[in-house]
There are 2 protein chains.
Amino acid sequence: MARTLEQIAELSGVSRSTVSRVVNDDPRVSEATREHVRDVVRREGYRPNLAARGLASGTTNVIAAVMPGAVDNILSDPFFVSLLHGLAVAADERDHFVMLSLGDTSFRHTVDEIARQGVVAGIVFVAGQVDDPLLEPLLASQTPMVSIGRSDDDRVSYVDVDNRGSAQQITSHLLRLGHRRVATIAGPNFAPAAADRLAGYRAAIEAFGLRVDETLIYESDFSEAGGRVGMRALLEHRPDAVFAASDRMAAGALNEIRAAGLQIPDDIALAGFDDMPLAAEMEPPLTTVRQRPERLGEAAVALLLDMIATPASSPRRTILPTDLIVRASCGSRQDQKER
Amino acid sequence: MARTLEQIAELSGVSRSTVSRVVNDDPRVSEATREHVRDVVRREGYRPNLAARGLASGTTNVIAAVMPGAVDNILSDPFFVSLLHGLAVAADERDHFVMLSLGDTSFRHTVDEIARQGVVAGIVFVAGQVDDPLLEPLLASQTPMVSIGRSDDDRVSYVDVDNRGSAQQITSHLLRLGHRRVATIAGPNFAPAAADRLAGYRAAIEAFGLRVDETLIYESDFSEAGGRVGMRALLEHRPDAVFAASDRMAAGALNEIRAAGLQIPDDIALAGFDDMPLAAEMEPPLTTVRQRPERLGEAAVALLLDMIATPASSPRRTILPTDLIVRASCGSRQDQKER
DNA sequence: CAATAGAGTGGGAGCGCTCCCAGATGATTG
DNA sequence: CAATCATCTGGGAGCGCTCCCACTCTATTG
């Protein structure tokens, strides 16, 4: 059924080697031969056998996406889903496959296997937390790896968005609108992104010449429930604005604010992070930071393939920009902008 | 670095063949030899090279998950995410890998590649619609395949939940509670699950001795927005209960009902389908049909590996049960049950 | 006790490809 | 015009495994 290199060679009257060169875009083939072989390849629908190629060359065109941590958290989050999408698209565009390795430590088995032999050309690693226990075995495997999200480990290459800068920007925006008691519902401390956003929040307040009021900081998780809990706690301290570290948290906060009989943005301004579809549909629409997780995925693949193509000892980093999306929830109507 | 079969053979003083037998659990090895070789394998951390194994045996332990259709729709839906999770877990448990092929027709390329050569042992196919255009090439590839969700094509093996029966059950429940003008917001007609749920709805009404009122049926998409639109249209026809074909639609319907100043369940009872986490948290909590997409994923892997192990000409089907989850939104308090 | 059957083991062949070296051909040089 | 070179092509070797056949050895049979 499926043709082999040898058969294509015979059909086009050249040698195995020449067909191989054509298929792999090796320049040392005359234009005429190349064209002819290409025709035959097309006509016969020939595709090289991946296993054979992998065996002979010692590499593959498979990228592993390792997403550890509690799966419920991971996958219910649209962020990861978009990320995965970006990975898949980018990999496809570059003739690579994405192999999935989801889940918690029970997947240790698979991770081992992925890491060990030449199964995959590289790994995209989505760390669940700072110093994820999977990091070490993955690094030890010597397989090229890109982490999604910053890592303190200086052996790790990563792609990330500018969490700190974005958080500072949106917090500054709230301050510039006249809010003074700007609170934040932070993400879990063990997540680098959460720590960075909190740091950005602090930086904005200090840059504005105010002192950070620790009672206006509540650490929670990224979920909607987490946002509700955080908001409930913060309401006691009478903030006039809240920066939630994720849109889902902002949604929870919104419900809580409303339950307290307060108006958004008049009584309390609200801002989120992510710009999930949900954000624009909230009532009022949510001011937030737009990040494009698909871009992260694409960038990760690009970086990874680059690292594979031209190995370097030092890790590489890519930081993606974000956009501040101003909507009604922060109270930045024209008249308010001026006050 | 990585050892080969041959090296393990030498280290344990037996032949390549014997090690291969041990690794592959071939019974034709004496217990003593087996133990000894196992020890060496463990000690050396030996893992067979997948590419070599694939080349020699002509098969792999990779399963492709092909999820076509508009990705935004697919991946924003927790259903697919859970499904993917189930696939990944089940595959891992059975020493298989999941290769991801997301996306629309731009992925045709990858699908081609997956289908053609012996890259994957089998395919789990998530059809976006009836007669998905990807179905034909996938079938033509002769690769064992399991579809998630029913297919009319009698060459297709699939796993599915009992959409029709579940919809009939929940609709009957509404009827038994005393509701007579039971409407439904159906899913898109091209989705088999949507068609089945609608059929179940019709069946329940007829089984109850009523006539189906076509004005009480609104076809929409599975999204929350779709639910809102559908509910808005249905409100004109004064239903006293609504069965939404997904929880997300139910959420949209709920907002719309509330916006119309009506009470749930007193003015209009509401029921959904899926039992997403959201359902229990709605106000009031949503009566719905629980399906476990992870189970679908597991079942698909189980069926697929079964088909690979013992090929049969006729397609196989697995239908998974669902649970009716009664909560407050349908108005089934004790006193109402009796009226 | 020769004939036969099983159980356990070893090694050759080959999966389809890439890599490397060698050869053929024609163009370029002093 | 012989010597050198670049360009293109062909074929051997081998990647690490599985599969098959052959072989040895012990246990069983009439």
Side-chain angles (χ1 to χ4, degrees), chain A residues 1-38 40-41 44-62 95 97 113 116-121 308-309, chain B residues 1-38 40-41 44-62 95 97 113 116-121 308-309:
Chain A
M1 180 105 265
R3 313 244 90 116
T4 72
L5 241 203
E6 201 93 39
Q7 292 174 314
I8 298 298
E10 192 163 344
L11 285 169
S12 40
V14 298
S15 76
R16 186 166 33 89
S17 302
T18 301
V19 178
S20 173
R21 290 190 189 100
V22 171
V23 169
N24 294 294
D25 288 326
D26 188 309
R28 305 172 298 173
V29 183
S30 72
E31 206 46 52
T33 313
R34 178 182 306 281
E35 278 308 318
H36 176 224
V37 172
R38 281 233 175 96
V40 177
V41 165
E44 300 292 326
Y46 167 76
R47 301 270 160 168
N49 177 305
L50 280 195
R53 180 179 278 193
L55 219 208
S57 68
T59 73
T60 64
N61 57 168
V62 176
D95 265 330
F97 295 100
E113 196 140 332
R116 179 124 18 205
Q117 57 203 309
V119 180
V120 299
I308 293 169
Chain B
M1 180 105 266
R3 314 243 90 115
T4 71
L5 242 203
E6 201 92 40
Q7 292 174 315
I8 298 298
E10 193 162 344
L11 284 169
S12 41
V14 298
S15 75
R16 186 167 32 89
S17 301
T18 300
V19 178
S20 173
R21 290 190 189 101
V22 171
V23 169
N24 293 295
D25 287 327
D26 188 308
R28 304 173 298 174
V29 183
S30 72
E31 206 46 52
T33 312
R34 177 181 308 278
E35 278 309 318
H36 176 224
V37 172
R38 281 233 175 96
V40 177
V41 164
E44 300 292 327
Y46 167 75
R47 300 270 162 168
N49 177 303
L50 280 195
R53 180 180 279 195
L55 220 209
S57 68
T59 73
T60 63
N61 57 168
V62 176
D95 265 331
F97 294 101
E113 197 140 332
R116 179 117 25 198
Q117 58 203 310
V119 178
V120 299
I308 293 168

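In what follows, every chain begins at residue 1, and chains take the letters A, B, ... in the order their sequences are listed.
- Applying the side chain to side chain donor-acceptor pair (under 3.5 Å) rule to R34(A) yields no partners; only residues at least two apart in sequence or on another chain are considered.
- At whole-Å resolution of the value, CG in N49(A) and C1' in dG14(C) are 13 Å apart.
- How far NE2 of H36(B) is from CG of L11(B): 9.0 Å, rounded to the nearest 0.5 Å.
- The interatomic distance linking L55(A) (CG) with dC19(C) (P) rounds to 13 Å, in whole Å.
- Summarising the geometry, the separation between CG on L50(B) and C1' on dG16(D) is reported as 11 Å, rounded to the nearest angstrom.
- Put simply, CD1 on I8(B) is 13 Å from C1' on dC17(D), counting in whole angstrom units.
- In this model, a donor atom of one side chain and an acceptor atom of the other lie less than 3.5 Å apart for S15(A) and T18(A).
- No donor-acceptor pair closer than 3.5 Å links the side chain of S20(B) to the backbone N or O of R16(B).
- Between the P atom of dG12(C) and the CD atom of E6(B) lies a distance of 10 Å, rounded to the nearest Å.
- Residue S15(B) places at least one side-chain N or O under 4.0 Å from the OP1 or OP2 atom of dG10(C).
- Under 4.0 angstrom from either OP1 or OP2 of dC15(C) there lies no side-chain N or O belonging to T4(A).
- Distances were taken from every side-chain heavy atom of S17(B) (C-beta onward) to each of dT9(D), dC17(D), dG10(C); the shortest belongs to dG10(C).
- Each end of the helix from dC1(C)-dG30(D) to dG30(C)-dC1(D) gets its own rotation axis from five pairs of C1' atoms, and the angle between them is 40° to the nearest 10 degrees.
- The side chain to side chain donor-acceptor pair (under 3.5 Å) search around T33(B) returns S30(B), not counting sequence neighbours.
- Distance CD (E10(B)) to C1' (dC17(D)): 17 Å, rounded to an integer number of Å.
- Using a 4.0 Å cut-off on heavy atoms, the residues of residues 19-36 of chain A that approach DNA chain C are S20(A), R21(A), N24(A), listed by number.
- Residue T18(B) places its side chain closer to dT9(C) than to any other of dT9(C), dC17(C), dG16(D).
- To the nearest 0.5 Å, atom CG of residue L50(B) and atom CG of residue L50(A) are 12.5 Å apart.
- Legend: residues meeting side chain to side chain donor-acceptor pair (under 3.5 Å) with S12(B), ordered by chain and number and at least two apart, are absent.
- Residue-to-nucleotide contacts include a donor-acceptor pair under 3.5 Å from the side chain of R16(A) to the base of dG12(D).
- Of the possible polar contacts, none joining the N24(B) side chain to the D26(B) backbone as a donor-acceptor pair under 3.5 Å is found.
- Atom OH in Y46(B) sits about 7 Å away from atom C1' in dG16(D), given to the nearest Å.
- Remark: P of dC19(D) and CG of L5(B) are 12 Å apart, rounded to the nearest angstrom.
- Applying the salt bridge (charged side-chain N to carboxylate O under 4.0 Å, His left out) test to R21(B) and every residue at least two apart in sequence or in another chain returns nothing.
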